[in-house]
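Comments concern the structure below.
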Amino acid sequence: MTVTVSESASRAAQILSRPASINGLTLPNRIVMAPMTRKFSPGGIPGADVASYYSRRAAAGVGLIVTEGTYVGHESAGESDRVPRFHGEEQLAGWAKVAEAVHAAGGRIVPQLWHIGMVRKEGQQPYPEAPAVGPSGLRIGSTEATGKAMTQADLDDVIGAFAEAAAAAERIGFDGVELHGAHGYLLDQFLWAGTNRRTDGYGGDAVARAKFAAEIVAAVRETVSADFPILFRYSQWKQEAYDARLAETPEELEAVLAPLAAAGVDAFHASTRRYWLPEFEGSDLNLAGWTKKLTGKPSVSVGSVGLDGDFIKVFQGEGAAVGSLDNLLDRLERDEFDLVAVGRALLQDPQWAAKVLDGRFGELAAYDAAALKSLS
């Protein structure tokens, strides 16, 4: 049977407009704005332009906004003085205005709390003297330690920084938090055997490698209210190693995720580059689908939603054509996952959610890589 564009648009509006819930936080629909680093916050302070950027997407119907990655209060957490920070009086005051603007537009918003770990290069801002730190001082693809292997004191400091940032998020009016455990950054460096060579309780098998991230989740859970949602973003792939994998089988993946779920994660954000690809042989479930099946927690799928082209090409200056949503809708309809995060399509068009929810497929535009450099 041939499905017309009109029928597909109507189906998208119906399926994506279903409400969803994460630990009591009710979302009006299934559309999430994916976190995207923008570097439009000089001094780490998000200004009125950042508030306007997010509130426009909220006003157009995005169910949940996950902010760009924002550095926690640890000097080795970041690499740019233009990436927002989630500590400091001015920085938090800026974020409070962002949350207020999104709520005024009818939206829900969570900050993504971030520590880049060994991705940091020597001498970078905002704290040039801070060392790069990681589980074993290893960069992805290197066999020699070029950074500092974290001591117990270092681990405790970072755990405290995440907990303090989460408490601040609740205090200044955000609707939850997302912990960035993906793409080769600090938490992921502990999860992955390629960068975690520790011989103490934080290294070894998958459960031991998950201990640090689980302790961060537990500290956040203890610091915030019981009904304050905690999302955890993770990935198999890394920035410098697209073929890297935390787990080769569902059983191995469960060993990674179970300690995080037990520590207090309310929903997992499973980052892939192409959401339609199956994660393991013998099943067409994608990573978010397996995550929901293994943990019983709500999951968010992401990866080239609404576009025909991998997002990695963005950094090569390439655009992408509008892509079909039919496969995505099939998966949502059978409850493979609960929510879908949209990145480039929402960068290109602040009205993307409204157009999709209204069935206005004909108004969707191709992605132009220049949108990455515009705060509109």
Side-chain angles (χ1 to χ4, degrees), residues 30-38 66 68-69 112 114 116 119 140-141 178-189 191-192 194-195 231-250 252-253 256-257 267-281 283-294 299-332 336-348 352 364 366-369 371-372:
R30 302 302 174 105
I31 300 174
V32 176
M33 182 174 181
M36 292 172 280
T37 299
R38 307 290 283 141
V66 182
E68 62 211 284
Q112 187 188 70
W114 189 23
I116 71 172
V119 173
I140 292 175
E178 176 170 286
L179 310 180
H180 195 343
H183 307 162
Y185 296 113
L186 181 63
L187 276 62
D188 194 17
Q189 290 160 23
L191 295 175
W192 188 44
T195 43
L231 290 81
F232 189 94
R233 194 178 209 210
Y234 82 100
S235 66
Q236 296 263 41
W237 66 276
K238 321 300 171 198
Q239 283 190 97
E240 300 87 350
Y242 296 147
D243 58 350
R245 297 177 70 78
L246 294 178
E248 296 293 345
T249 66
E252 291 177 0
L253 183 60
V256 174
L257 299 180
F268 286 95
H269 188 172
S271 178
T272 57
R273 295 164 62 204
R274 305 173 183 89
Y275 76 84
W276 55 86
L277 296 181
E279 194 58 40
F280 301 114
E281 289 186 12
S283 169
D284 65 353
L285 290 177
N286 71 5
L287 187 61
W290 274 110
T291 300
K292 182 176 181 179
K293 180 176 181 177
L294 294 171
S299 67
V300 185
S301 188
V302 66
S304 301
V305 173
L307 295 174
D308 182 14
D310 194 311
F311 81 92
I312 294 299
K313 294 179 180 178
V314 167
F315 303 107
Q316 300 164 354
E318 296 184 28
V322 174
S324 170
L325 293 177
D326 289 339
N327 183 290
L328 179 76
L329 299 175
D330 290 343
R331 292 169 183 267
L332 278 169
E336 179 177 338
F337 41 77
D338 302 274
L339 297 155
V340 55
V342 182
R344 287 170 295 158
L346 272 171
L347 264 189
Q348 180 68 36
W352 187 90
L364 299 178
Y367 174 73
D368 179 351
L372 188 65

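Not counting sequence neighbours, Glu240 has no partner by the side chain to side chain donor-acceptor pair (under 3.5 Å) test.
Cation-pi contact between Arg331 and Tyr275: absent, since separation from the ring centre below 6.0 Å together with deviation from the ring axis within 45° is not met.
Remark: Asp188 CG to Lys238 NZ distance equals 3.0 Å, nearest 0.5 Å. Note that the CD atom of Glu178 and the CZ atom of Arg233 stand 6.0 Å from one another [nearest 0.5 Å]. Here the straight-line distance linking atom NE2 of His183 with atom OG of Ser235 works out to 4.5 Å at 0.5 Å rounding. Distance check: Arg245 CZ to Leu253 CG gives 9.0 Å after rounding to the nearest 0.5 Å. Summarising the geometry, atom CG belonging to Leu325 is positioned 7.5 Å from atom CG belonging to Leu364; distances are rounded to the nearest 0.5 Å. One distance of note links CH2 of Trp352 with CZ of Arg344; it measures 12.0 Å at 0.5 Å rounding.
Looking at every heavy atom in both residues, Thr272 comes nearest to Leu287 through CG2-CB, 3.6 Å. When all heavy atoms are compared, the tightest approach of Leu339 to Leu332 is N-CD2, 4.5 Å. Contact detail for Asp326 and Ser324: the closest heavy-atom pair is N-OG, 3.0 Å. Of all non-hydrogen atoms in Val305 and Ala341, the two that sit nearest each other are CG2-O, 3.6 Å. Pairing each heavy atom of Glu68 with each of Met36, the nearest pair is CB-O, 3.1 Å. For the pair Glu336 and Lys292, the tightest heavy-atom approach, listed with the atom from each and the gap, is O-CD, 3.7 Å.
For Arg30 (side chain) and Asp338 (main-chain N/O), a donor-acceptor pair under 3.5 Å exists by modelled atom type. Distance alone, capped at 3.5 Å, places no donor-acceptor pair between the His269 side chain and the Ser271 backbone. Between the Gln189 side chain and the Gly184 main chain, a donor and an acceptor come within less than 3.5 Å of each other.
Taking the six-membered ring for Trp and thresholds of 30 and 60 degrees, Phe280 and Trp290 have ring planes more than 60 degrees apart, a perpendicular arrangement.
Residue Tyr234 forms a side-chain contact (heavy atoms from CB on, under 4.5 Å) with just one option from Leu246, Val256, Leu187, and that option is Leu246.
Side-chain atoms of Glu279 and Leu285, non-hydrogen and from C-beta on, never get closer than 4.5 Å to each other. Put simply, the side chain of Phe337 reaches to within 4.5 Å of the side chain of Leu328, judged on heavy atoms.
With 3.5 Å as the limit, one finds a donor-acceptor pair spanning the side chains of Ser301 and Asn286.
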